[in-house]
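Here the structure comes first, spelled out in structure tokens, and everything after it is commentary.
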Amino acid sequence: MKNLLEVHHLSKDFQHKRQPPVSILQEIQLQLGKGQTLCVVGESGCGKTTLGRVLAGLLPATTGTYSFLGKDVTRLSKKEKKEFRRDVQLIHQNPYESLNPTTMVFDILANPLRKHKKMKTIAELYPEVTRLLELVGLTPVSDFVDKYPSHLSGGQRQRVSIARVLAMDPKLIVVDEATSMIDTSLRINLLKTLQEIQERTNVSYFFITHDLALGRYFAQNQQLMVMYLGKIIEKGQTEELIGQPLHPYTKAILSAAAGNKGLLDESSEFETYVLGGTDIPSFTQIPQGCPLHPRCPQKIEGLCDRLRPPEIESTTGHYVACHLYRKSDSPL
Amino acid sequence: METTPLLEIENLSISFKTKRGYLKAVNDASLVIHEHESVALIGESGCGKTTLSTAIVDILPLGARVTEGEILYKQSDGNTVDLLTLKKKKFRTLLWSQIAMMFQASQSSFNPVKKVRMDFIDAAKAHHPRMTEKEILKKSEKLLTLVMLDAERVLNAYPHELSGGMKQRALLALALLLEPKLVILDEPTTALDLLTQEKVVALLNELKEEFSFSYLFVTHDLSIVSELADRVVTMYAGRIIETAPVASFFQQPKHPYSRGLIDAMPKLALEQGELVSIPGTPPDLIEQTSGCPFAPRCHRKSSLCTEQMPPMTTSQDSQHEYACWHPYLGV
Amino acid sequence: MQTTIRFIVNRLLKMLFTIWLVTTIIFFLIRLMPSNPIDRYIETQMVQYGLGAEEAKAQASFLFSMDLDQSLLEQYGAYLLKVIQLDFGNSLLSPGVPVMSIIAERLPWTLFTVGSGLLLSFVIGISAGALLAYRRDRWYEPVVSGVSSFLSSIPDFLIAIFLLILFGVVTWGGGNPILPIDMLRGNYSIGVTPGWNLAFLTDAFVHGLLPILTYAISQVGIWVLLMKGSTISTLSADYVTLAKVRGIKPRRILTAYVGRNALLPISTEFAMRLGFIIGGSLIIEQLFVYQGIGLELLKATSGQDYPLMQGIFLIMTIAIVVSSFLAEIFYAVLDPRIKATKGAIT
Amino acid sequence: MTQPAVFQTISQSSKWKKTLVQARYAIFHDVSGFIGFVILALICILSVISPWVFPVDSASNAAAILQPPSTEHILGTDHLGRDIFAQIANGGRDLLVMALITATLGIFLGVILGAFSAIIGGKVDSLLLLLADVWLSIPRLPLLVVLSAFITLNSVTFAVLLAILSWAGLYRTIRAEVLSLKERPFIEAAFMQDLSLSHIVFKEIAPNLIGFIAINYTLLMKATIYAQVGLVFLGILPLEQNWGVMINQAWTQGVIYNPDSIVYILAPTLMICLLIVSLVWVGKSLEDVFHPSLRK
């Protein structure tokens, strides 16, 4: 099966006035198939949102290739660009900012329909708007169509955002921390709605979160990857990655997440793994070699602080960027 | 367990005046914090947990008013006072020296135009006017080192020069400066990264051992509750609906809402149980109903629930207290 | 440190650019406009007094302190050079008197009245504003806010008229108005010699009283509203709440936590306003016949005294530019956050 | 498909109803706003009907100079014996019309330039911003006075000139507003939906600016009235029939010092105050009404 999107050696630099460029994304490699989910987990400031925005076409990559449906995104014709624009959608983190406060829910959904499906009259639009709202579970529909966003709760707004995205019939949705501002009791329902939509429409998700357990839940039997300081340090099938974490950083965040949950997560037994130091270094001072080495308890002197670890496939489909897993025969 | 109550909140009600009418943010809430005990107050946004905690230190926002109840505090000299009726001046002497607080957004808890040291000096001078600056700074340095900070650097920095995690820890040091009896922490780890969170939680536990004070921490994040709390208090729509020791709270929650919250938390464990959300949305606190506020979202509700607010009941093993007509009583 | 210097240099350049631009506009008006004053003057001299073209030109050159035989570009260069030395030539109405000496004589009076009025309104305004922020639940809060909003809306010269009537015209049942208004014209009474003595200072104050009051009343509302808003937002800041929780005394909170942070954004406004009110002093000085720079500008305009006009206008512009420059520097000094570089990207 | 009841709420006729509801809310929702609307309405009505109801008698009447208020002349007479009330009733029209013209022109200029600058960005934006900064440092009233020495002003050239002079302030505020709107995620969402630029500007950004424009519109009207009355008083603008002229006349004739004819100067002064304050209050009230989060 051909992949929906392929990303090779993608890097993204930001340059502030008169300051040296800062590399936010480095050598990103990833693939995502149709109807599949790829979840990226990382702490705030690891570059995961930037990656999401690059994939959504909101930011250009500095180097590397990004192809969508087999076509290089930087070399699309005008028509293809328009198609790409519609095929890839993004759901923002903050539902209080992502809906125009002066637009009624009906119009929020009708605007893209008018533009892309050439629906004009309300008689044409109404059934489609109803369908979309029902799809995201905002029923009875009549309670919502004539509301302004300020009358909706955070969860309801986020559902409207999802409906608006679905109006475009996208092939890929970048979900950027879409549930982090939603109450716990409502969160799972929202994720379930997203999963149901995937079953129905075969859409792919690029799911961004800082919550390992949430990512683990959403990307069941799918792919999970962990980012640290702009690099993908480990990726693989979700259950495999959680069950057999390889990278010291992955081990540390798993240990932290599991430790914190304690009683909540009785059956889980994760090795306790603690990193040194407390704060993530800033992007302007990324350590040489492996970015984790100053905090890593297993660092190899003379190797980790000098050489950037390559991406190593430890078992099939499970990649890790760490010198500890270097095959003896591979060159340095 | 032999414990003496340190803070007792009794039948506290707090109303907000809004354009649409009075909003009862806290409704007839009673809560006890014992000495050397760590109590977690949990609930979702708008449930009144923050209002309740700010009422203790008298920093309710404008328009909010305590309509009923008392907050009894046992001073270190053994006398018990009602914080709500205490004279302002007297109350001020209790603040920070006995009750300290840490906010959720510690990002702006330091005076932005002064160096961090000034916040330490001010706090100490307010209660010990004769303490010299040198003494204060020496003590501050010790505490800052304890929370794993470069004391020299932090004291001489402006707040904006510190990272979020650093400010959080500096604030913790500030809270401990006068060795209080009770520390109130409002969402102590929300703004922090997972790994920093873990460190702060560990630190809080260590400090509790060392200084033996009580915590009241307010959070919506269940995952840190099990690490920090001895007892869990659940709030919903302004009411306290369940109180339980932490282990049995997670293992046998009695109130359907508590259970719903736990069931909705994604787990890391490999055998994923089915996660369930609570349907519906929290009620509007302006339109008060006579029944249980959770009834509209509850799958165990009966007609009784919509008519009458269930009273606080103590479970047979006397570990749980809950306000529910149809609690989960089985094991 | 480097960013601070860059910041200052940046502002300085902007300031110079503004002054240069205004100077150039003035040169354009005086020299290049169709029917500009110099051409008109030469024409008049030739038509009315029968002077020869050369003679008329020479006279115009002398009067306007410009060498009209030079090319326009040279004239422009020479003009700029003179402006840099603050040399605006001689007044036409009082021949032989340099414009700068007239300005030097008049400007202090305007600065005195505008400055005192502004200071008075500032002190009263910020105190009242801070008080209102603290007492938001009292009955007088909406009243004072309403009055402030009213005062800040109505034009200052209407306030001047009210004051004039109130103090200088209405007899209030007695024989005479409160103030002998016709005696109060000018900056000081005839017979009083200027100097640092009590008699003169009192006299100057009495003469400046109504203008000062006008400036004060017309500005006070703005300060009340600004300070109220600023204080309210500061009061709700976490560091203030936390200061309360730390048991710090209210007075200490007011000064060290609320006061400084609330005043910061307003203090820049103060410097800005100083510059602008000088520009607005025209009508007030006309009404009270106060011999300040505004009145002088009006006289110059009606008397077509172009060198004086441009001199005063330039000085007024410089006043604004310099005061806003100082305001920004002041702010940067007071607020440690400004110096921080914003480089973080997430 | 059955057409549900909700269908009605989106139809055109109900949009009008909503507008009506909003207008009612705008007028009645706060006290100062309500007072402002009432005063403004009264001044407008007076301005429209007075040429017929209270015509100005321009002929002087030496027999009735500077009379105090009486039943014949409610507000007394001026130095030429003309009725003051008639002058007051007719004196607001010019001011209002001029303020409307200037404010409309000025807002148009400010919105176009500000929005353009914010949306285009880059060098053009920086340059415009610098120019605006510089422009703002030039004192407006003295500039008008100085310009009057070079150009003969009449009402129309003055209105246009004033609109042009006020571009910088408006430009800056509107630019800032559009910039912050542009950064809001819902605009990015519109971009992701591939909606056209005109849709984004007029349907997404513009509705969020209405309250902002309303308050600036009234503020600009206020500034126009200030400048106009001020310059008329100084004798720089040609005299016509308005309150500023009355003040000027009272001043130049020395009537101001006559304790018996205080009404002569007080009446126009008060009227200007009322007009300006009502404008400010109406503006504030409108700003509230159009505030997006307060939508009904």
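These numbers come from a predicted model, not from an experiment.
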Heavy-atom closest contact ([X] atom, [Y] atom, distance):
{"X": "A:L166", "Y": "A:V136", "value": "CD1-CG1, 4.0 Å"}
{"X": "D:A159", "Y": "D:I101", "value": "CB-CG2, 4.2 Å"}
{"X": "D:T224", "Y": "D:L220", "value": "OG1-O, 2.7 Å"}

Check: So which of A:P149, A:P170, A:S98 has the largest heavy-atom pair count under 4.5 angstrom toward chain D?
Finding: A:S98
Next item on the list: Spell out, as yes or no, whether a donor-acceptor pair under 3.5 Å connects the side chain of D:Y171 to the backbone of D:V111.
Entry: no
At a heavy-atom separation under 4.5 Å, does [X] approach chain D through its side chain, its backbone, both, or neither?
{"X": "A:L99", "result": "backbone"}
{"X": "A:A167", "result": "neither"}
{"X": "A:I91", "result": "neither"}
{"X": "A:V165", "result": "neither"}

Next item on the list: Could you check A:R85, A:R86, A:K71, A:R75 and say which one makes a salt bridge (charged side-chain N to carboxylate O under 4.0 Å, His left out) with A:E80?
Entry: A:K71
